[in-house]
2 protein chains.
Amino acid sequence: MPEVNRDYFAKTLEKGIRILNLFDANHPSWSLTEISARMELNLTSVYRLVNTFVELGYLMKEPKSKRLHLGPMAVALGNQLLHGFDTVRLIEPLVDEIHCRYNISIEVSLFHSNCLVQIYKRETSNTLTYRLEAVSELLYCTSSGKSVLAFLPAEKLKHLAEAQSFARRSEKTITNIDAFYEDLEQVRQRGYALNNEEYIKGLIAIAAPILGRGTSYPLGCLSFNSTTPDHTLDEFEDKYAVVLCELARKLSEVIPDV
Amino acid sequence: MPEVNRDYFAKTLEKGIRILNLFDANHPSWSLTEISARMELNLTSVYRLVNTFVELGYLMKEPKSKRLHLGPMAVALGNQLLHGFDTVRLIEPLVDEIHCRYNISIEVSLFHSNCLVQIYKRETSNTLTYRLEAVSELLYCTSSGKSVLAFLPAEKLKHLAEAQSFARRSEKTITNIDAFYEDLEQVRQRGYALNNEEYIKGLIAIAAPILGRGTSYPLGCLSFNSTTPDHTLDEFEDKYAVVLCELARKLSEVIPDV
DNA sequence: AAACCACTTACTATAATAGTAAACAGATTT
DNA sequence: AAATCTGTTTACTATTATAGTAAGTGGTTT
């Protein structure tokens, strides 16, 4: 990351945005104290920031419990941000077509400052119990992360792989770096990565990298997700690997190379 | 709107959010000076706020022109906000089913502090030249606005109707309040509203209110949009009015009454 | 090469925020 | 019904961040 001008940085704005980021499908409501604890921020400061969002309609406060939820303005902003990003508008019809045709959960992420940033997703009505975070640094235990790492230049890969915690998330998590490098080698040969319940028990996925047209550098990735009640990983791979790679290739054509 | 505590209000946060709100599909890029002029804010202050967003990855700066665009973090936040709002997750499958089946542009909005706030939309690949704003106070020249106004209690309707500008947006805009009240009477009888190119030439729509289950108060609305090259308004109405009303009714069942 | 334009930086008066502590409200227990 | 507890809201000020002016910088056009 380039050294930047920390004098011209609005701290209040950063804190506010961090608070807004706490709210997602897994954590739809927060109390003041919870936010204060999580942000390691003074209660009064949180109160001021939260109150600002409430007045603007981005958060709503339950009258009795005082718990906070997202408000309509936040959702409108969400829509606006989503469709204001050119890349999303380009990939949307391509992803939707596959989503409608096969009725599978699909996620598209960009690789941005060593994180995978989710820019588009479609879910099946079959709601999963837990959703991945919109911005994730966990690259060792997701098919998305592995698909990107596998196609990174050796130097960069080494640097990032060594930064992974390899913490055990489930029975099947890969917890040592040598096994991990072996797995990545298979990803390279296959052209796509698998997630065999390595992140959360019951959650399986296949993911292919989105490679820059000119550079072949991984710009992001595409993943199809399912659960073990619906498919075994083998079935899922047999059924969708070709579709996955084909769609990833199509996405490469519309995502601008950086 | 209830009187609120203006002492506990973070102005910097408000300004930052207002800047983020400038970016949408119609205005995907802004220069510093443009933002400064539009926000009526000092250039240096805008620089600080924008720089904050750039460092956090919410905005990106074109290296040469210095023009600003949304960044991946903004899109991830967008997705997160969208799916972190319970109501969106409830209406999503219902709307998507109709969108997939008929391939039409659909918008769902909530009526919140006298504005229509767009909380979900699906577009056809046939991209329209201009998209409605995510938060709109224009109720007199959109089918969405009319569908909601028509079902408001008389007092509230009067108040809001008189606040409309009735400015001419196109040849067919309704520009006086008496004609408008007549139109609303038809909306009531029909159960849904029409937009016959009243907002922008070439843009047509039909919209039905989403009424509270208990209260029958309009909580928001559902609209189907098209363009004159694709359909005449009569055709569009004949083809989709029944589907529209049916979907609006289904949405009423899942949107919580306030 | 000069002029222009927009962005960036330096600097300080002013205004906003952080943090402490106390008051308050609602829920639960005695 | 009073007492206690938990979490939210308000009052108050020292400290810190921001607004605004003005000067500097770096491309682009003439």
Side-chain angles (χ1 to χ4, degrees), chain A residues 1-23 27-71 74 258, chain B residues 1-23 27-71 74 258:
Chain A
M1 200 166 325
E3 196 45 60
V4 280
N5 193 341
R6 277 272 152 184
D7 285 347
Y8 287 87
F9 189 88
K11 303 184 186 182
T12 308
L13 178 54
E14 182 191 27
K15 286 171 205 151
I17 294 290
R18 276 182 59 213
I19 290 183
L20 209 52
N21 263 300
L22 295 176
F23 292 81
H27 312 93
S29 94
W30 292 78
S31 75
L32 260 198
T33 352
E34 284 167 0
I35 296 176
S36 170
R38 173 64 178 272
M39 301 265 304
E40 299 183 30
L41 219 93
N42 180 283
L43 199 65
T44 306
S45 301
V46 173
Y47 181 78
R48 175 182 281 107
L49 295 166
V50 161
N51 194 52
T52 306
F53 279 131
V54 170
E55 289 196 27
L56 297 174
Y58 290 85
L59 293 178
M60 292 185 307
K61 202 183 282 186
E62 284 181 33
K64 288 180 72 173
S65 72
K66 306 296 176 79
R67 288 190 73 82
L68 298 151
H69 294 255
L70 290 175
V258 259
Chain B
M1 202 169 318
E3 196 45 61
V4 281
N5 194 340
R6 276 272 153 187
D7 286 346
Y8 287 87
F9 189 89
K11 302 185 186 182
T12 308
L13 178 55
E14 181 191 27
K15 286 171 206 151
I17 294 289
R18 276 182 59 213
I19 289 183
L20 209 53
N21 263 299
L22 295 176
F23 292 81
H27 312 94
S29 94
W30 291 78
S31 75
L32 260 198
T33 351
E34 284 166 0
I35 296 176
S36 169
R38 173 62 179 271
M39 302 266 303
E40 300 183 28
L41 220 92
N42 180 285
L43 198 64
T44 305
S45 302
V46 173
Y47 181 77
R48 173 181 284 107
L49 295 166
V50 160
N51 194 53
T52 306
F53 279 131
V54 170
E55 288 195 30
L56 297 175
Y58 290 85
L59 293 178
M60 293 186 307
K61 201 183 282 187
E62 285 180 34
K64 288 180 72 173
S65 72
K66 307 293 177 83
R67 288 190 73 83
L68 299 151
H69 294 255
L70 289 176
V258 260

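Values below: every heavy atom of this structure, side chains too, minus hydrogens, waters and symmetry copies. First the proteins, then the strands, lettered A, B, ... as listed; each starts at 1.
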### Distance, nearest 0.5 Å, that separates CG of B:L43 from OG of B:S36
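It comes to 5.0 Å.
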### Message
Nearest 0.5 angstrom please: B:K61 NZ to B:L32 CG, how far?
### Response
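Nearest 0.5 Å value for the NZ-CG distance: 6.5 Å.
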### Query
Just wondering, are more than 12 heavy atoms of other shown residues or ligands nearer than 6.0 Å to CZ in A:R38?
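Atom CZ in A:R38 is not crowded, with 12 or fewer foreign heavy atoms closer than 6.0 Å.
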Quick one: is [X] getting a side-chain N or O under 4.0 Å of the [N] phosphate, OP1 or OP2?
X	N	value
B:T33	C:dC7	yes
B:R48	D:dA17	no
A:K61	D:dT9	yes

### Query
Sub-3.5 Å donor-acceptor pair from the side chain of B:W30 to the main-chain atoms of B:L22, do we have one?
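Yes, because the side chain of B:W30 sits within donor-acceptor range (under 3.5 Å) of the backbone of B:L22.
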### Query
Between the main-chain N or O of A:R48 and the side-chain N or O of A:T52, is there a donor-acceptor pair closer than 3.5 Å?
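Checking the backbone N and O of A:R48 against the side chain of A:T52, a donor-acceptor pair under 3.5 Å is found.
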### Quiz item: B:Y8 side-chain donor-acceptor pair to D:dA11 base, under 3.5 Å
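Indeed there is one.
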### Query
Want to settle it: does B:E34 or A:L41 sit nearer the 5' end of DNA chain C, counting the closest nucleotide to each?
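Nearer the 5' end of the strand: B:E34.
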### Task
Look at all strands and tell whether A:S31 reaches a base, only sugar-phosphate, or nothing, counting heavy atoms closer than 4.0 Å.
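The answer is sugar-phosphate, as A:S31 gets under 4.0 Å only of primed atoms, P, OP1 or OP2.
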#### Entry: Interatomic distance, B:I19 CD1 vs D:dT18 P [rounded to whole Å]
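B:I19 atom CD1 is separated from D:dT18 atom P by 13 Å.
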What protein N or O atoms touch nucleotides 21-28 of chain C N or O atoms at under 3.5 angstrom, if any, and at what distances?
none

